[in-house]
A.B. asks: 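The structure that follows is given in the form of structure tokens.
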Amino acid sequence: MLENLPKTYNPKDFEERLYNYWNDSGHFIAHVDENKKPYTIMMPPPNVTGSLHMGHALNNTIQDILIRWKRMEGYSALWLPGTDHASISTEARVVNKIKAEGKTKEGLGREGFIEEAWEWTHKYGNTIKNQLKKLGVSSDWTRDRFTLDEGLSNAVEEVFIRLYEKGLVYRGDRIINWCPSCMTAISDAEVEHEDQDGHIWHIRYPIKDSEDYIIIATTRPETMLGDLAIAVHPEDERYKELVGKTAILPLMNREIPIVADDYVEMEFGTGAVKITPSHDLNDFEVGARHGLGQCIIMNENGTISPEGNIYQGLERYEARKRIVEDLEKQGFLVETKEHQNAIGHCERCSTVVEPLISKQWFVKMEPLARPALEAYDRGELNFIPERFGKVYVNWLENIRDWCISRQLWWGHRLPVYYCDDCGEIMVSKTKPHNCSKCNGVNIHQDNDTLDTWFSSALWPFSTLGWPEKTEDLGYFFPTDVLVTGYDIIFFWVIRMVFSSLEQMGELPFKDVFLTGLVRDSEGRKMSKSLGNGIDPLEIIEEYGADALRFTLVTGNTPGNDMRFYMERVEANRNFANKLWNASRFVLMNLEEGIEKSQFDVEKLEEEDRWIISRLNTVIKEATENLDKYEIGLAAGRIYDFIWDEYCDWYIEMVKSRLYGDDVSSKETAEQVLLYVLKDILKLLHPFMPFITEEIWQHLPGNDSPLILSSWPEYKNELDFPDSEGAIEFIKTAIKSIRNARAEMNIAQSKKSNQIFVTDDEKIKSIIAKGERYFLNLASADEIEFSENKEGMGEDNISVVLDRCEVYLPLKELIDFEKEIDRLEKEKEKLEVEIKRVNGKLSNDGFVKKAPEKVVLEERKKKDKYEEMLEKVLERLEGLKSNR
RNA sequence: GGGCGGUUAACUCAGCUGGUAGAGUGUCAUCUUGACGUGGUGAAAGUCGUAGGUUCGAGUCCUAUACCGCCCACCA
């Protein structure tokens, strides 16, 4: 009955079954329960049409570990999942899809297109959710949300209107980043700067009614078509006389003023700058200061507008080429230099972004950023790792207004209406019947949609029903921790913080856990274009979700990028296999019937107390590390305990009792094996949920049908320091004996007597009680004791231990030259240690200033090493004189 | 131009508040012992980037510096 685990660990046999069981039985559903403390995590919503990549796998594994752990600790733990409509990216996909069918956006019209987009969303929207389930995420699917849900859309409109009414959302003509490919405005955060080799051109602008001229420098010569001035620094002696005069714009023959403005850097270029107010942020500001007006020379698709005269219709780079040629032909080009420059690209499609003036909607950032900075300064917001706090502060301190309108159709349409008669702007959730100003009835809604991040910014509370005062909102908000990649601090983290402070009056979360990037084995970013991405699902298919999860959270540190190695997945799969087989071993040896894990403390033997005491420590350390978000360290502690202490030592030590005749001892061993195994499974469960649950369900006498029920507790009364000391001594002795035998090439099967020479009663008793350990684990035939080493002879191997020496009579097998070499090595090691300890102890400063405890320890070490060295030397002497 | 991270065993990385350097993988040797060869046992392998400093004591703190990488930034 008990031995019913299959012989080999095969995760495919049970992962899916267990997930469905958990999910169907409602264990992931969080309940508002005033008797419990809430613990809340909002899942960063992946793109609704996306599919799972390693980044998702990493941060969802971390969230799952935290939420499972807290659930086991007794919290009412909510992990709310959902997806994001991802306006710009989804729209682009849908456009491609209909294009393949020979259709266009314009052809379909707004409503038709949105219908297509919903269809697409419904078709692909479940893909990533199903993939997350394979990973084992224990999120509450009954609370699944989508950013375009009715409720969330309502929250978006509510926030927009509130901000508008407070004057924090406004409409204006400003320089924005325009993507000529996506054909929409994008925010500063969506522009990626990349240094590129380019040119800087020096161009001569003639001065009107004069032979004189002024030379300017530019990296974007095509924008000269829109030049409305030349600016120089007011203090620049070179140009003082020219200020106030008029220059003639080459190619266009437009008269433009020469103005003085201290924005100009005298040292850069020629010290004279062409001013194109409609196509450059700085120029826009200079233009405003000098009343220059606007001249837009580029269309939305990146071609030259009618304002560009004979260059009209040319693509922007073609125009640049033609303009430079023409300038050269007409003698205006002074020189062309190589120049490196940071060029802005669209984060979505990598097209070079064009700064241009446009009428857009903005969020006024300064009043929102201030509270966000103050909250951080008060220490209410923690970043893990801390260093990302600086990134947060730096961004907020230099923030500019946020352009939130997008010329897209897929998303939240602005709740803004215009009166066609008087132009009045009305902001409202529903279309007004009459103009609030002129009472006219010709009213139309703004065509733009909002930046996707405007809705994601509300995620921590919009998902809980805000602006309604729901029970969920009252109980689960604010959330506890946000787990996400450091690459979206600007896009998302900061925007959630200020949105929540503004709307809810408090932070959306206390802690922000930032993960690094998962890179390929050569350290490259995984990307579609490189084709170096590793599909988490393939890993799960081959090695199981548990191995993948463990790989992602061990061996690296929060916020650092990691390389993904198949070898590590394999190693972790092997670990799972190890646990699987250890569990099989336990089950095979359990006798049926009684409740086995309740041991009687009085009946515990040395190794039982040792493993229980060690388990106690591991529980404490693992919990402490989880508390500090040191997930990798916690996992490492548990791994080491399972493999090194439970499997390699405890199980081996206990075997003789299981196969022996002492029924009581056997029963205690079984109880402890099971007791420790159960806690091991619980400790490991958040990390490896599937295998632990599967094994759990095969164990007898469980207090709960599911392992998710409780987290092991540290128990003071189960600390046994004396037993730990005794077993540590035994382990060291066994290792030393094994080592000596292996160095002498003595087969494990070749047994010998082991004669322990010691006059230390305590050590003697430890060894005597541990006889069976030496018989089973150190190839001893029989152990004997001797008060002194008289009569030991020089034909034995001798292993020197602390306060003890062991002789292994293996006469005919010993190569004494080899034994001398081995002891020489031993001697050198000891001498190095003694030298080090002596160095410390003879240092006056150390003895006086170091803590007493440390000094005492060093003294003990000194005595120990000296004693051991003495024995080694005696042996060496004896061996050498005998040869 | 600012800011940040990395530099520790052949490879990939841990090493939290300073007190004799650890793991996984790989390598070598060995073992069909009644859970596991996806295993057991043992071994070899590190001047902790460099130079200073603080300290009785530094991989760990401070200051420089080199190399690699990342982020931010309106010098046209």
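Because the structure is predicted, anything quoted here is derived from the model rather than measured. Letters A, B, ... are given to chains in the order of the sequence lines, protein chains preceding strands, and every chain is numbered from 1.
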A.B. asks: Classify every nucleotide of nucleotides 32-45 of chain B by which part a protein heavy atom approaches to under 4.0 Å, writing B for the base, S for the sugar-phosphate alone and - for neither, in 5'-to-3' order.
C.D. replies: --BBB-BSBSSS--
A.B. asks: Can you give me the closest heavy-atom contact between A:Gly516 and A:Leu58, atom names plus distance?
C.D. replies: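 Here A:Gly516 and A:Leu58 meet closest at O-CD2, 3.7 Å.
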A.B. asks: How about A:Asn177 and A:Glu190: do any of their side-chain heavy atoms sit closer than 4.5 Å?
C.D. replies: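 No; the side chains remain at least 4.5 Å from each other.
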A.B. asks: Check A:Ile297, A:Leu249, A:Thr276 against A:Leu225 for a side-chain contact (heavy atoms from CB on, under 4.5 Å) and give me the one that passes.
C.D. replies: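 Among A:Ile297, A:Leu249, A:Thr276, the one that satisfies the side-chain contact (heavy atoms from CB on, under 4.5 Å) with A:Leu225 is A:Ile297.
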A.B. asks: Using a cut-off of 4.0 Å between protein heavy atoms and nucleotide atoms, how would you tag nucleotides 9-19 of chain B 5' to 3' with B, S and -?
C.D. replies: --SSSSSB--B
A.B. asks: For the P atoms, the ones on B:G69 and on B:C74, what distance do you get once it is rounded to whole angstrom?
C.D. replies: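 These two P atoms come out 24 Å apart once rounded.
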A.B. asks: When you check every protein heavy atom under 4.0 Å of nucleotides 71-76 of chain B, what one-letter string (B, S, -) results, 5' to 3'?
C.D. replies: -SSBBB
A.B. asks: Quick one: which of A:Asp546, A:Asn572, A:Asn556 gives a side chain to side chain donor-acceptor pair (under 3.5 Å) with A:Thr551?
C.D. replies: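 With A:Thr551 as partner, side chain to side chain donor-acceptor pair (under 3.5 Å) holds for just one option, A:Asn572.
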A.B. asks: Would you measure the distance from the C1' atom in B:C13 across to the matching atom in B:U17 and give it in whole Å?
C.D. replies: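 Per the computed distance, 22 Å lies between those C1' atoms.
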A.B. asks: Under 4.0 Å between any heavy atoms, over every strand shown, what does A:Tyr865 touch: base, sugar-phosphate, or nothing? Just pick one.
C.D. replies: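 Touches a base.
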A.B. asks: Please report the distance separating the C1' of B:C56 from the corresponding atom of B:A44, rounded so that it comes out in whole Å.
C.D. replies: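 Nearest-Å result for B:C56 against B:A44 at atom C1': 35 Å.
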A.B. asks: Do A:Tyr9 and A:Asn581 come close enough that some side-chain heavy atom pair is under 4.5 Å?
C.D. replies: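 No, side chains not in contact.
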A.B. asks: Any side-chain heavy atom of A:Ile275 sitting closer than 4.5 Å to one from A:Leu228?
C.D. replies: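 A:Ile275 vs A:Leu228: side chains apart.
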A.B. asks: Would you check if A:Phe564 and A:Leu548 make a side-chain contact, meaning some heavy-atom pair closer than 4.5 Å?
C.D. replies: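 SC-SC contact between A:Phe564 and A:Leu548 confirmed.
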A.B. asks: Determine the interatomic distance between P on B:A64 and the same-named atom on B:C4; round to the nearest Å.
C.D. replies: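 After rounding to an integer number of Å, I get 11 Å for this pair.
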A.B. asks: From CG of A:Asp844 over to C1' of B:U55, roughly how many Å is that when rounded to an integer?
C.D. replies: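 These atoms are roughly 16 Å apart.
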A.B. asks: List in chain and number order the residues that pass side chain to side chain donor-acceptor pair (under 3.5 Å) with A:Arg563, two or more places apart in sequence or in another chain; answer none if no residue qualifies.
C.D. replies: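 Here no residue qualifies.
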A.B. asks: Work out how far the C1' atom of B:U41 is from that of B:G46, and round it to whole angstrom.
C.D. replies: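 Per the computed distance, 24 Å lies between those C1' atoms.
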A.B. asks: In whole angstroms, how far is the C1' atom of B:G22 from the CG atom of A:Asp644?
C.D. replies: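 That distance rounds to 12 Å.
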A.B. asks: What distance, rounded to whole Å, do you find between the two P atoms, one in B:G53 and one in B:G6?
C.D. replies: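 Taking atom P in both B:G53 and B:G6, they lie 24 Å apart.
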A.B. asks: Taking the side chain as everything from C-beta on, heavy atoms only, tell me whether A:Glu866 gets closer than 4.5 Å to A:Asn838.
C.D. replies: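 Counting from C-beta outward, A:Glu866 and A:Asn838 do come under 4.5 Å.
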A.B. asks: Rounded to whole angstrom units, what separation is found between the CD atom of A:Glu567 and the P atom of B:U27?
C.D. replies: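 Taking CD of A:Glu567 and P of B:U27, I get 11 Å after rounding.
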A.B. asks: Do A:Leu681 and A:Leu699 have side chains that approach each other closer than 4.5 Å (heavy atoms only, starting at C-beta)?
C.D. replies: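 When only atoms from C-beta onward are counted, A:Leu699 and A:Leu681 do touch, with a gap below 4.5 Å.
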A.B. asks: Take atom C1' in B:U63 and the same atom in B:U55, then report the distance between them in whole Å.
C.D. replies: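 That atom pair is separated by 16 Å.
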A.B. asks: A:Glu743 and side chain to side chain donor-acceptor pair (under 3.5 Å): which single residue from A:Arg738, A:Lys825, A:Lys818 fits?
C.D. replies: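 The side chain to side chain donor-acceptor pair (under 3.5 Å) with A:Glu743 is passed solely by A:Lys825 among A:Arg738, A:Lys825, A:Lys818.
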A.B. asks: Which whole number of Å gives the distance between the P atom of B:G26 and that of B:U12?
C.D. replies: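 It works out to 15 Å between them.
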A.B. asks: Quick check: does any side chain N or O of A:Arg495 sit under 3.5 Å from a backbone N or O of A:Phe491, one acting as donor and the other as acceptor?
C.D. replies: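 The answer is yes, because a donor-acceptor pair under 3.5 Å joins these two groups.
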A.B. asks: Can a cation-pi geometry be assigned to A:Lys578 and A:Tyr639, taking NZ or CZ under 6.0 Å from the six-membered ring centre and within 45° of the ring axis?
C.D. replies: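 No, A:Lys578 does not lie over the aromatic ring of A:Tyr639.
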A.B. asks: Which donor-acceptor pairs under 3.5 Å do the side chains of residues 389-401 of chain A make with protein atoms, sequence neighbours left out?
C.D. replies:
residue, atom, partner, partner atom, Å
A:Tyr392, OH, A:Ala372, O, 2.8
A:Asn398, ND2, A:Asn394, O, 2.8
A:Arg400, NH2, A:Asp188, OD2, 3.4
A:Asp401, OD1, A:Met365, N, 2.9
A:Asp401, OD2, A:Tyr170, OH, 2.7

A.B. asks: Please work out the stems of RNA chain B from pairs that are Watson-Crick or G-U wobble with both distances under 3.5 Å, keeping only runs of three or more consecutive pairs.
C.D. replies: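 Stem segments, range with range: B:1-7 with B:66-72, B:10-13 with B:22-25, B:27-31 with B:39-43, B:49-53 with B:61-65.
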